[in-house]
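Order of listing sets the numbers, starting from 1, for every ligand and every atom in it.
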Amino acid sequence: MKVACVVGTRPQFVKEAALSPVLRSCHEEILVNTGQHYDYELCAEQFKVLKIPEPDYNLSVGSGSHARQTAAMMVGLEDLFSDIKPGLVLLYGDTNSTLAGALAAAKLQLPIAHVEAGPRQYDMSIPEEVNRVVTDRLSKLRFAPTEHSALNLRNEGITDEVYVTGDVMYDIFLKTSAAVGSGEGVLESYGIEQGKYVLMTMHRPHNSDSETSLRNIIGGVRSNGEKTVLPLHPRTRANLERFGMLGDLERDEMMLLVKPVNYPAMVALMKNARIVVTDSGGVSKESFFCGVPCVSIDKVGAWPETVIAGWCVVTGADPALLEKALRSFSPAGERPPLFGDGHACEKIVDLVSEFESLG
Ligand code: UD1
């Protein structure tokens with residue numbers, strides 16, 4: 001079957017890298033990049049290191065307000081889907097690229113498969129919440145990464161075609177972690193030692209677009225006094241500069257500000273960190289895969305599953321809570337297999353094939 005996969009942001013490139021080889025072994029994949037992320041480190045470098053096939057189509061939409069960005073993608077996708085007539089449109093996660101794909105496909109009455117269906121924060125002020133609620137509602141096949149995600153869907157009355165497959169990000173994490181090994185080379189290149197640094201990421205608009213939140217979060221981390229590696233998302237770098245905070249941070253030898261890192265290097269940095277501080281859902285989940293405790297500076301980035309399991313603590317942007325968590329948070333011993341067995345991609349592709357065979 002002809003399956004159109006829509007990607008656009010860094011985390012979607014990672015998910016695509018996991019699924020694409022398995023999908024291509026039995027279906028014709030048409031890869032569409034909306035162009036939501038376009039910086040070399042966020043996009044082209046990830047394609048290169050993850051050996052993702054060249055996109056068949058690139059819509060090059062770039063940045064913009066939510067409506068402008070999503071609308072530009074919808075227009076491009078509508079033309080494209082009308083032209084190539086896919087048997088299924090496959091979407092990942094909860095970004096504006098996901099939403100645009102869902103709306104364009106639904107209006108053309110094309111069936112949608114949603115990878116990472118069901119996570120919820122129950123807060124419609126979060127753009128990603130809007131994107132996933134709409135996409136889940138419009139989907140034909142819903143691939144939930146965890147039991148908890150499937151339960152969220154059931155609570156919304158969505159019971160048809162919900163499959164708990166495990167998480168494709170766990171599949172690719174296992175492979176990449178094995179390939180990365182100890183990650184010694186990456187640590188050497190940054191001049192850091194195993195277990196002796198904090199790894200921090202931050203990109204959510206309400207953290208990095210607000211001077212107060214940015215100062216609170218950076219202040220909380222700095223007062224911990226530990227070496228901190230901070231790969232900077234372009235949005236965060238631009239805001240640090242805008243608020244006059246960048247120069248001071250760059251002069252602090254305990255703060256290592258680096259460019260966004262590629263996925264294998266990120267895995268090496270995560271697995272060797274003493275603790276991770278993040279507002280990213282992907283990074284908080286991956287720190288759990290690594291068995292490294294996580295401090296979530298945003299409830300949006302915390303998976304309730306890992307919080308309940310005792311591996312992630314949510315502090316928000318409160319500097320005192322953040323400093324305390326960095327000093328004293330210690331995780332529970334066990335890590336339950338919340339995100340599957342590393343074979344989510346095979347399960348998803350089997351279900352796609354079954355969908356095709358049922359016509
Ligand atoms: C997007 C997703 C978010 C995901 C994140 C992963 C939405 C609503 N948000 O957030 O769910 O967690 O990707 O990184 O879809 N910019 C650049 N270069 C780029 C891309 C963006 O400089 O290559 C800057 C632009 O100023 C842009 C801003 O970052 O306006 C935000 O980019 P955008 O794609 O809208 O959202 P992200 O914050 O990256």
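- A donor-acceptor pair under 3.5 Å is formed between the side chain of E129 and the backbone N or O of Y122.
- In terms of protein heavy atoms, atom 8 (C) of ligand 1 is closest to N96 OD1, 3.4 Å.
- Each of the atoms 8 (C) of ligand 1 lies under 4.0 Å from some heavy atom of H66.
- In this structure, of Q36, E41, R204, the residue bringing a heavy atom nearest to atom 34 (O) of ligand 1 is Q36.
- The closest side-chain heavy-atom distance from I172 to Y263 is below 4.5 Å.
- Only the side chain of P11 comes within 4.0 Å of ligand 1, counting heavy atoms alone; its backbone N, CA, C and O stay farther away.
- Nearest protein neighbour of atom 36 (O) of ligand 1, counting heavy atoms only, is R235 NH2, 3.7 Å.
- Between T9 and ligand 1, not a single N/O pair is under 3.5 Å apart.
- A salt bridge is defined here as a Lys NZ or Arg NE, NH1 or NH2 lying under 4.0 Å from an Asp or Glu carboxylate O, and E323 with R222 fails to meet this definition.
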Could you check W303 against F288 for ring-ring contact (aromatic ring centres under 6.0 Å, His included), going step by step and ending with a plain yes or no?
CA-CA 10 Å; W303 285 71; F288 176 79; over 10 Å; no
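- Protein heavy atom in closest approach to atom 27 (C) of ligand 1: S63 OG, 3.2 Å.
- Between V277 and I297, the closest side-chain pair of non-hydrogen atoms falls below 4.5 Å.
- Using bins of under 30°, 30° to 60° and over 60° for the plane-to-plane angle, the ring pair Y170/F289 lands in the tilted bin.
- With a 4.0 Å heavy-atom cut-off, ligand 1 is reached by the side chain of L42 but not by its N, CA, C or O.
- Counting only heavy atoms from C-beta outward, the side chains of H233 and T201 never approach each other to under 4.5 Å.
- The existence of a salt bridge linking R142 and E161 is excluded, since no basic side-chain nitrogen approaches an acidic carboxylate oxygen closer than 4.0 Å.
- Of the residues listed (T278, T146, D167, T306), the one engaging K285 in a side chain to side chain donor-acceptor pair (under 3.5 Å) is D167, and it is the only one.
- In terms of N/O distances under 3.5 Å, ligand 1 is not approached by R10.
- Scanning all protein heavy atoms for the shortest distance to atom 14 (O) of ligand 1 gives H37 CE1, 3.1 Å.
- Of all the atoms in ligand 1, the ones that sit under 4.0 Å from a non-hydrogen atom of P234 are 17 (C), 18 (N), 22 (O).
- Protein heavy atom nearest atom 4 (C) of ligand 1, with residue, atom name and distance: H203 NE2, 3.8 Å.
- Taking every heavy atom of E128 and a limit of under 4.0 angstrom, the matching atoms of ligand 1 come to 2 (C), 3 (C), 7 (C), 8 (C), 9 (N), 11 (O).
- Annotation: atom 17 (C) of ligand 1 to nearest protein heavy atom, Y38 OH, 3.3 Å.
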